[in-house]
Structure formats: C-alpha cells, structure tokens
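Remarks on the structure that follows.
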2 protein chains.
Amino acid sequence: MSRIDRILASAEQHCREQGARMTPRRRQVMNLLLAQAGPQSAYQLLDQFKDRYQSNAQPPTIYRALDFLVQQGLAHRLSSTNQYLACDHITCRHGHKGTVFLLCDECGGVQETPLAGAAVSELEQTLDTLGFEIQQEPLLEVHGRCANCAL
Amino acid sequence: MSRIDRILASAEQHCREQGARMTPRRRQVMNLLLAQAGPQSAYQLLDQFKDRYQSNAQPPTIYRALDFLVQQGLAHRLSSTNQYLACDHITCRHGHKGTVFLLCDECGGVQETPLAGAAVSELEQTLDTLGFEIQQEPLLEVHGRCANCAL
DNA sequence: GAAGGTTATGTTATAACATAACAGATAAGG
DNA sequence: CCTTATCTGTTATGTTATAACATAACCTTC
C-alpha cells in the first residue's frame, strides 16, 4: 500500500466519521493533490484531471472538490498564491488551532508547521478581548526563501 | 488639516526617507484608500478613480499604485478577500513584525492589530530553525464575526 | 542643456482565477 | 420504491490580475 493510498484511506475514514461523502470525484482530486510535492493552482489540477480522469471536465468540478476537501481539513488553500495542497497532517490526528506555511518564492516549495503554543493563546486572548468569533482555522502564509534556495 | 491630509503628509515623508517617489497617481490611490473605512477591491478603487480623477483609467494604473503602496508598507493587501486597505499605523512609527487582521464575514469590516510579542518570537525561532529567510511582513487574516455583528 | 539611463504611466489585449444558474444523476433514509 | 438531499454536468459569465510595448517624466553628468 503506497503512501498515497494510506493517506487516502485515512481521509476516507475521516469523512465517514464526519458523515461526509468522499465521492469518486473528490477522491480523484485528492489523489492529484497528494501526487505532487508542492502546491498547485486549480487550473493546473483541472489540466491533470482532464488528462487522467475526464477529458472534458470543467472548472466547477475542480472547485467543488477543492472546497469540500478544504472544508474537511484535508487540503489547504493558500490565498496569497491561489494554490491548493494536501494537508500535511492528515494521518496524525492532532487538531491544530492554526497553521503556518513557509512559502519559498524561489522554488515554489512549502513547509507546513502548526502554529505554536504561545502564539495561539495570544491570538485567542486578542479575539476574546475584542469579542471576535473565529470561524475558520487561521492560516499564516509567510513568504521568503527556503534554506535550500538561500545557499 | 484633515485626518486624511495628515496621513498623506506622513506617508509622503515616509517615502522621502525611503527614496521612493510618491507621485500624483499614487497619492490619488492612497487618498481613495484613506477615504473608506473598510477594505476595497482593486476594481472598486478603479471605479472611484475613474469617477474622481481620470475617466479612462485602466486596471494597471490601480494595480501599480497599489503594489507601490503595499511595498512601502502604506497599505495592505488582504489576499483572502482580494482587497486592499490603508495601513492603520502609518502615523505611529513602530515597525511591526507582523499584523493580524480580524475580518468580519458579516459586515465586511476589519480590525487591525499588531502581531503580539510571544507569537513573533516563536515565529522567528521557527524561521531560524528551518533556515527560512522571510521577505515580507507576515499578515494573518482571521475570518469570523465581529463583536458588533455577533449581538 | 543635451544625451542617455532609469523609473513611471498610458494603452491594448489577454491571462488567470472563480462562480452563478439550471438540468440531470445518484445516494440515503423512510 | 419514493422522496429528499446532495452531488455532478454543463453553459456561460463574472472577477481579478498581468504581459507587453509605447510614451512620458525624471535625474544625473558631462
């Protein structure tokens, strides 16, 4: 069983537990996300989807599947680059309170790390003080140059 | 001297110090940003720009000015909503290391607060450990419901 | 103050990203 | 089954952003 199959199985179980349906289309898109190391745009995914699964597929097919996957926490949307990637922490089940993405502007790579402890509690306190009710897990997208490209 | 004029003057001084040119076009766009409480899309700004300054203006005019203002730290781009707003902290000169935006999905309003102490140092440590060189001030865009709309 | 580099703007066109709307199919619960 | 929800297909269009090239303004330095 490949790495991808393992993650897919884990994702399906997650959906079952949530009463959400991991349909073939959604699994196909998830599979495409998992097949790539880096983040991809919706239209890149669409091209691959057409190559691989359905040659006349249209944008809504991809966007719907992506919306679903993001909602389920199986994928992330990077709004600063309009890209999508599989969540790096699907198999480990820690519910994180926030995620930091280090986006290398040179090679396009991403490193994903959970938002650390004090940052989370500070944020929660700010929200509390201001009476702001959070509705989505916050994502911090940090742009720069990764260690490899800085050499 | 109005609030806007004071901020514009402050912005101009900032540019002089940086050796950057605050041209008429850029000042006009800055003025439009300052005239609104909330964040605005580039095309909303374009419409206002056409109304007010140049009826045949094209998108690049706005985008170039916005890019400049963002680079100078005079404005922010909210990538999760594709909107722009004037920086709330132009007149006070604390160089912040990051900014948190609380975006109300109901009323569209924004609250801007500096990223707090421990969060910053944790982030810096993460970057240090991974050898990642940051290139832009990080913005955290948190979606939810503001105190007012939660009533 | 003219020459030549650099930066900013004007202008046309188009690329890239995303969703509305409605019809038809498929799944899940009674 | 039959109904209701949800999901998918399809067409069309809306929204956001930039490429590319021409022109203008600005800024040195000779």
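Sequence lines set the chain letters: A, B, ... in the order given, protein chains first and strands last, and positions in each chain run from 1. What's counted below: heavy atoms across the whole structure, side chains too, no hydrogens, waters or symmetry copies.
- Annotated as syn: D/dA5, whose O4'-C1'-N torsion sits within 90° of 0.
- Between the axis at the start and the axis at the end of the helix from C/dG1-D/dC30 to C/dA25-D/dT6 there is an angle of 30°, using five pairs per end and rounding to 10 degrees.
- Surrounding CD of A/Q18 are more than 12 heavy atoms belonging to other residues, nucleotides or ligands, all under 6.0 Å away.
- Atom CG in A/L46 sits roughly 13 Å away from atom P in D/dT10 (whole-Å rounding).
- Under the rule for a side chain to side chain contact (heavy atoms under 4.5 Å, CB included), the partners of B/S79 that lie at least two apart in sequence or sit in another chain are A/S79, A/S80, B/R77, B/E141.
- If you check residues 54-76 of chain A against DNA chain D, the residues with a heavy atom closer than 4.0 Å are A/Q54, A/N56, A/Q58, A/P60, A/T61, A/R64, listed by number.
- A side-chain donor from one of A/Q28 and A/R25 sits under 3.5 Å from a side-chain acceptor of the other.
- Between B/T23 and B/F68, every side-chain heavy-atom pair lies at or beyond the 4.5 Å cut-off.
- When DNA chain C is scanned in the 5' to 3' direction for atoms under 4.0 Å from non-hydrogen atoms of chain A, the outermost contacting nucleotides are C/dC17 to C/dA27.
- Between B/L46 and B/P59 the shortest side-chain heavy-atom distance falls below 4.5 Å.
- When hydrophobic residues (I, L, V, M, F, W, Y) are linked wherever their side-chain heavy atoms come within less than 4.5 Å, A/M1 remains an isolated member.
- The phosphate of D/dT6 (OP1 or OP2) has no side-chain N or O of A/T23 nearer than 4.0 angstrom.
- Side chains of B/Q44 and B/Q48: no donor on one and acceptor on the other come within 3.5 Å.
- Taking every heavy atom of residues 24-34 of chain A and every atom of DNA chain C, no pair lies under 4.0 Å.
- The number of heavy atoms from other shown groups lying within 6.0 Å of CD (B/Q135) is above 12.
- Within a 6.0 Å sphere centred on CG of B/N148, heavy atoms belonging to other residues, nucleotides or ligands number 12 at most.
- Residues A/M22 and A/Q72 have side chains not in contact (no heavy-atom distance under 4.5 Å, counting atoms from C-beta outward).
- At a cut-off of 3.5 Å, with distance as the only test, a side-chain donor of B/T99 or B/E137 sits close to an acceptor on the other residue.
- Taking the side chain as every heavy atom from C-beta outward, B/L123 and B/P138 approach each other to under 4.5 Å.
- Of all the heavy atoms in A/E112 and A/A86, the pair that sits closest is OE1-O, 4.2 Å.
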